[in-house]
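Data first, discussion second: the structure below is written as structure tokens.
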2 protein chains.
Amino acid sequence: MSGNSRFAVSVHMLAYLAYRQGAAVPSAEIASSVDTNPVVIRRLLSALVKARLVAARKGAAGGFSLSAPPEGISLLGIYRAVEPKPDHGLRHFSPNQKCPVGAKIETILGGVLAKAHASMEAELARVSLADVHRQLHAVCTGRR
Amino acid sequence: MSGNSRFAVSVHMLAYLAYRQGAAVPSAEIASSVDTNPVVIRRLLSALVKARLVAARKGAAGGFSLSAPPEGISLLGIYRAVEPKPDHGLRHFSPNQKCPVGAKIETILGGVLAKAHASMEAELARVSLADVHRQLHAVCTGRR
DNA sequence: CTTAATGTAACCACAAGAGTTACGCTTAGG
DNA sequence: CCTAAGCGTAACTCTTGTGGTTACATTAAG
């Protein structure tokens, strides 16, 4: 099931780091906000560190912090960092090449799915972590 | 895992029905083109019949055929018929409501993901089964 | 040197999907 | 009327992906 929560948890984590304003936040604290195990948090953050979105400090008083201002981090960057290459549901799809339809449907479908996926990514690119942070504050402070 | 091939196989099946030009095609024949089990085909077609995209004829000499011309069937219609409601990866996502971030991130993320998904669906709506059929023929007949 | 933290590996549990077998029901064609 | 073909669906297994958990080596602050 391409239905994993890796992206959702990742955005939550980075929003929390933005919320803590550059402090070195240990995985246990993030885990408390997400309500899961610290190892799950560290696993995902490991991918985000590799993508240079997050800085990690080892040792006592260590933890994680954003490696760029929230304005410079788009949700697309997060998505690409933690989501494996999209299968587009073509995993178990290897049609009969002897059939004129089966021989070419894969290529045709691939083109359509690539466009659809690109359109979704463009939407994610439009939102930055700063936008999320702003909405978070609007809820906390702004009451009608 | 949201990575299933239901949509890909469904488009393949309907493209095959368009290719067979309204004949009553048995599931075994479609299964041969997709290279899978006839029951898998019938399971998916069952959803497409419920969505009124396909007509099923029982009994001997029975089979499946399109219930509308290919121009009237969009890939979005197929997608909606066979793909369950999108979880957007929020299945295992129930953050700590006592945390100011966890309390509201779910709503914020839901809005962003809804927009991204709508954008993807709009792209699928732009393509009809007739377009797929046309590309299929372009490959079969058109050689440089 | 102690303590707190990251970075992984290893394992279990669970859910979803695909494939398969089986069987009842329906219908065309003789 | 009877038979063969084919749909509709349930039940089962197998595989895979994901999350959760424990464990442990490594690192760094104080």
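What you see is a predicted model; the values in this text were computed from it and never measured. Naming: A, B, ... by sequence-line order, numbering from 1 per chain.
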Legend entry - Plane angle bin for Tyr79(B) and His117(B) - parallel if under 30°, tilted between 30 and 60°, otherwise perpendicular: tilted
Inset, instruction - Report yes or no: do Leu17(A) and Val49(A) belong to one cluster of Ile/Leu/Val/Met/Phe/Trp/Tyr joined by side chain heavy-atom distances under 4.5 Å? - result: yes
Inset, instruction - Could you tell me the separation between the CG atom of Leu44(A) and the P atom of dT18(D), rounded to a whole number of Å? - result: 11 Å
Inset, instruction - Give the rounded distance in Å between these two atoms: CZ of Phe64(A) and P of dA5(C). - result: 11 Å
Inset, instruction - Calculate the interatomic distance between Ile41(B) atom CD1 and dA18(C) atom C1'; express it in whole Å. - result: 11 Å
Are any protein N/O atoms closer than 3.5 Å to N/O atoms in nucleotides 1-3 of chain D? If there are, list each pair with its distance.
none

Inset, instruction - Whole angstrom is fine here: how far is it from CD in Glu29(A) over to C1' in dA4(C)? - result: 14 Å
Inset, instruction - Give me the ring orientation class for His12(A) and Phe93(B): parallel if the planes are under 30° apart, tilted from 30 to 60°, perpendicular past 60°. - result: perpendicular
Inset, instruction - Please report, rounded to the nearest Å, how far the C1' atom of dA5(D) is from the CD1 atom of Ile30(B). - result: 15 Å
Inset, instruction - Would you mind reading off the distance between Asn37(A) atom CG and dT18(D) atom P, rounded to a whole angstrom? - result: 18 Å
Inset, instruction - Let me know, please, whether Val40(A) or Gly62(B) comes out on the 5' side of the other along DNA chain D by nearest nucleotide. - result: Gly62(B)
Inset, instruction - Give the rounded distance in Å between these two atoms: CZ of Arg6(A) and P of dT18(D). - result: 6 Å
Inset, instruction - Check for a donor-acceptor pair, side chain of Ser128(A) on one end and backbone N or O of Ser74(A) on the other, with a separation under 3.5 Å. - result: no
Legend entry - Any Val132(A) side-chain heavy atom under 4.5 Å of Ile105(B) side chain: yes
Inset, instruction - Run the numbers on Val34(B) and Val40(B) for side-chain contact (heavy atoms from CB on, under 4.5 Å), then give the verdict. - result: CA-CA 10 Å; Val34(B) 178; Val40(B) 175; over 6 Å; no
Inset, instruction - Report yes or no: is there a donor-acceptor pair, N or O only, under 3.5 Å between the side chain of Arg43(B) and the base of dG19(C)? - result: yes
Legend entry - Phosphate OP1/OP2 of dG20(D) contacted by Thr36(A) side-chain N/O (<4.0 Å): yes
Legend entry - Donor-acceptor contact below 3.5 Å, side chain Arg6(A) vs main chain Ser10(A): no
Inset, instruction - May I ask you to evaluate whether Ser27(B) reaches the phosphate of dG6(D), defined as a side-chain N or O under 4.0 Å from OP1 or OP2? - result: no
Inset, instruction - Dump the intermediate steps for side-chain contact (heavy atoms from CB on, under 4.5 Å) on Val9(A) and Thr36(A), then the final yes or no. - result: CA-CA 10 Å; Val9(A) 172; Thr36(A) 185; 5.6 Å; no
Inset, instruction - Using heavy atoms and a sub-4.0 Å distance, could you list which residues of residues 45-60 of chain B are near DNA chain D? By number, please. - result: Ser46(B), Ala56(B), Arg57(B), Lys58(B), Gly59(B), Ala60(B)
Inset, instruction - Write down the distance between NZ (Lys85(B)) and P (dA16(C)), rounded to a whole number of angstrom. - result: 11 Å
Legend entry - Selection from dA29(D), dG6(D), dT8(C) that lies nearest to any side-chain heavy atom of Ala61(A): dA29(D)
Legend entry - Short side-chain N/O contact to dG7(C) OP1/OP2 from Arg42(A), under 4.0 Å: no
Inset, instruction - List in chain and number order the residues that pass side-chain contact (heavy atoms from CB on, under 4.5 Å) with Ser32(A), two or more places apart in sequence or in another chain; answer none if no residue qualifies. - result: Asn96(B)
